[in-house]
Amino acid sequence: MQSAVTISLVPQARGGPFVFWDDLAAGCEQAAAMGFDAVEVFPPSAEAVDARELRRLLTQHHLKLAAMGTGAGWLVHKLRLTDPDPAIRRRAHDFIAGIVDLAGSFNAPAIVGSMQGRFEGEVSKEQALKWLAENLEQLGPRAHAHGVPLLYEPLNRYETNLFNRVPDALAFLKPLRTQNIRLLCDLFHMNIEEADIAESLRLAGDKVGHIHFADTNRQAIGLGHLHVPPIVAALREIQFEGFISAEILPMPDSIAAAKQTIASFRKFCGNQP
Ligand code: LER
Ligand code: MN
């Protein structure tokens with residue numbers, strides 16, 4: 001298991017669950033100084049990222065890129081894979097595809113979270129799931145061409161009505177032709193939705209691709225009331241070797257949230273004696 005911390009480059013995401021903000025260089029420097037293995041970057045778009053500068057910073061600080069989010073497509077441009085307008089669905093697909101390629105060039109996966117959208121109005125649940133499946137069938141192989149998975153994230157009920165729980169998402173992914181989708185299991189969402197977080201992780205097994213490491217109040221692990229040991233025991237049992245990434249509110253401030261995260265990571269996920 002490897003540690004990661006989020007850096008948002010999206011001003012419109014202010015107030016959202018990201019540790020470091022706006023300054024890629026400062027975020028990388030602080031992440032490395034605290035001993036994180038990787039950073040997870042939330043960019044405004046693929047085009048807005050200076051890939052050479054990102055590569056330079058990662059190399060300089062001996063950091064990996066854990067993953068890249070695509071949520072700015074929704075937050076900034078109001079694009080969703082399940083929008084009733086086919087032109088918007090197409091743009092949503094292209095927006096994600098750009099980030100799949102960019103992240104893939106760093107050997108990292110892209111995340112489909114809020115870009116999945118929701119079913120509502122004229123769009124039935126069946127129709128929305130069909131569109132979601134069609135997009136995953138294209139984006140999964142696209143990520144595979146880079147040798148990485150595509151991460152799909154179930155969200156809590158206030159953010160999507162497609163998939164809120166890991167067992168339901170697994171059942172949806174199972175019959176797809178692409179087997180290159182892995183689940184992003186966000187402990188904040190799971191605390192709201194899962195009957196038993198550890199059991200859901202065990203059920204997902206090798207389909208767990210990435211963890212968002214957040215306490216019940218979406219603050220750093222240790223600042224809420226999540227019971228962490230059974231969750232880490234389940235991750236060890238399924239031999240999870242991916243990133244445990246802090247997608248959390250910068251409370252009381254970015255530095256304190258990052259320090260609390262790395263301390264909790266070492267306490268709960270560090271090498272066993
Ligand atoms: C994205 O990873 C996520 O968890 C959503 O709640 C958007 O903030
Ligand atoms: Mn998340």
Side-chain angles (χ1 to χ4, degrees), residues 4 6 17 40-42 66-75 79-83 89 92-104 108-119 125-190 192-194 197 200-214 235 238 240 242-245 247:
T6 45
E40 177 180 320
V41 175
F42 188 71
M68 248 188 208
T70 64
W74 165 241
L75 202 66
L79 305 174
R80 297 181 296 180
L81 294 174
T82 50
D83 194 278
R89 292 201 300 279
H93 176 93
D94 293 347
F95 186 94
I96 297 170
I99 294 181
V100 167
D101 291 343
L102 174 64
I111 300 166
V112 175
S114 48
M115 287 293 276
Q116 68 192 276
R118 54 192 298 115
F119 71 90
K125 180 170 190 181
E126 194 188 10
Q127 178 64 78
L129 295 184
K130 190 163 169 275
W131 285 332
L132 179 62
E134 284 169 5
N135 276 281
L136 295 182
E137 291 287 22
Q138 293 178 35
L139 294 165
R142 191 175 188 116
H144 189 259
H146 296 283
V148 295
L150 178 75
L151 298 174
Y152 170 72
E153 181 175 21
L155 303 173
N156 75 65
R157 67 191 68 183
Y158 306 106
E159 298 188 34
T160 188
N161 54 12
L162 297 182
F163 291 106
N164 306 126
R165 289 163 24 107
V166 163
D168 298 332
L170 284 170
F172 170 70
L173 295 177
K174 195 164 180 193
L176 296 187
R177 284 187 303 283
T178 178
Q179 287 302 304
N180 195 38
I181 316 295
R182 296 286 176 278
L183 288 178
L184 195 177
C185 298
D186 182 324
L187 300 180
F188 170 72
H189 299 306
M190 292 184 88
I192 296 171
E193 301 294 351
E194 305 292 332
I197 297 177
S200 291
L201 291 169
R202 274 193 288 270
L203 182 71
D206 62 7
K207 295 293 181 195
V208 178
H210 193 85
I211 299 290
H212 275 162
F213 198 50
L235 290 172
I238 64 171
F240 178 71
F243 291 100
I244 308 269
S245 184
E247 188 194 57

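Note that this is a predicted model, so its numbers are computed, not measured.
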Engineer: Is there a side-chain contact between F42 and T6 (heavy atoms, below 4.5 Å)?
Structural biologist: no
Engineer: Run the salt bridge (charged side-chain N to carboxylate O under 4.0 Å, His left out) test against R157 and tell me which residues pass, sequence neighbours left out.
Structural biologist: E193
Engineer: Taking side-chain hydrogen bond (donor to acceptor under 3.5 Å, both in side chains) as the definition, give me every residue that meets it alongside N161, ordered by chain and number, with sequence neighbours left out.
Structural biologist: none
Engineer: Name all residues meeting the ring-ring contact (aromatic ring centres under 6.0 Å, His included) criterion together with Y152; count only those two or more places apart in sequence or in a different chain, and write none if there are none.
Structural biologist: none
Engineer: So, using salt bridge (charged side-chain N to carboxylate O under 4.0 Å, His left out) as the criterion, who are the partners of K125 when residues are at least two apart?
Structural biologist: none
Engineer: So, taking the atom named OG1 in T70 and the one named CD1 in I111, what distance separates them when rounded to the nearest 0.5 Å?
Structural biologist: 7.5 Å
Engineer: Among all residues two or more places apart in sequence or in another chain, which pass the side-chain hydrogen bond (donor to acceptor under 3.5 Å, both in side chains) test with Q127?
Structural biologist: none
Engineer: Do you know which two heavy atoms are closest between K207 and I181, and how far apart they sit?
Structural biologist: CD-O, 4.2 Å
Engineer: Looking only at heavy atoms, which two atoms of A133 and L176 are closest? And how far apart?
Structural biologist: CB-CD2, 3.9 Å
Engineer: Could you check whether any side-chain N or O of T178 sits under 3.5 Å from a backbone N or O of E137, counting only pairs where one atom can act as donor and the other as acceptor?
Structural biologist: no
Engineer: Within the 4.5 Å heavy-atom criterion, are V112 and N135 side-chain neighbours or not?
Structural biologist: no
Engineer: Could I get the full list of side chain to side chain contact (heavy atoms under 4.5 Å, CB included) partners for E134, not counting sequence neighbours?
Structural biologist: K130, W131
Engineer: Ignoring hydrogens, what is the shortest heavy-atom contact between A110 and A103? Give both atom names and the distance.
Structural biologist: N-CB, 4.3 Å
Engineer: If you measure from CZ on R89 to CG on D83, what distance do you get to the nearest 0.5 Å?
Structural biologist: 7.5 Å
Engineer: At their closest point, which heavy atom of L235 faces which heavy atom of I211, and how far apart are they?
Structural biologist: CD2-CD1, 3.9 Å
Engineer: For S245, check side-chain hydrogen bond (donor to acceptor under 3.5 Å, both in side chains) against everything at least two apart and list the hits.
Structural biologist: E40
Engineer: S200 and E194: which non-hydrogen atoms are nearest, and at how many Å?
Structural biologist: OG-OE1, 2.6 Å
Engineer: Would you compute the distance between atom CG of N156 and atom CD of E159 and round it to the nearest 0.5 angstrom?
Structural biologist: 4.5 Å
Engineer: I'd like a table of donor-acceptor pairs (distance under 3.5 Å, sequence neighbours excluded) in which one partner is a side-chain atom from residues 163-175, with atom names and distances.
Structural biologist:
| unit_1 | atom_1 | unit_2 | atom_2 | d |
| --- | --- | --- | --- | --- |
| N164 | ND2 | L155 | O | 2.8 |
| N164 | ND2 | T160 | O | 3.0 |

Engineer: Which heavy atom of A214 sits nearest to which heavy atom of D186, and what is that distance?
Structural biologist: CB-OD1, 4.4 Å
Engineer: Supply the atom-to-atom distance L203 CG to I238 CD1, rounded to the nearest 0.5 angstrom.
Structural biologist: 10.0 Å
Engineer: What pairs with A143 under side chain to side chain contact (heavy atoms under 4.5 Å, CB included), at least two apart in sequence or on another chain?
Structural biologist: V100, V148, L150, N180
Engineer: Tell me the salt bridge (charged side-chain N to carboxylate O under 4.0 Å, His left out) pairs involving residues 145-154, sequence neighbours left out?
Structural biologist: none
Engineer: Please round to the nearest 0.5 Å and tell me the distance separating atom CE of M115 and atom NE2 of H93.
Structural biologist: 10.5 Å
Engineer: Test of understanding: with ring-ring contact (aromatic ring centres under 6.0 Å, His included), list the residues that count as partners of H212, not counting sequence neighbours.
Structural biologist: H210
Engineer: With rounding to the nearest 0.5 angstrom, report the CZ to CG distance, R177 to L136.
Structural biologist: 11.5 Å
Engineer: When you compare the side chain of H144 with that of Q179, does any pair of heavy atoms fall below 4.5 Å?
Structural biologist: no
Engineer: With sequence neighbours left out, write down each residue that passes side-chain hydrogen bond (donor to acceptor under 3.5 Å, both in side chains) with R182, or none if nothing qualifies.
Structural biologist: none
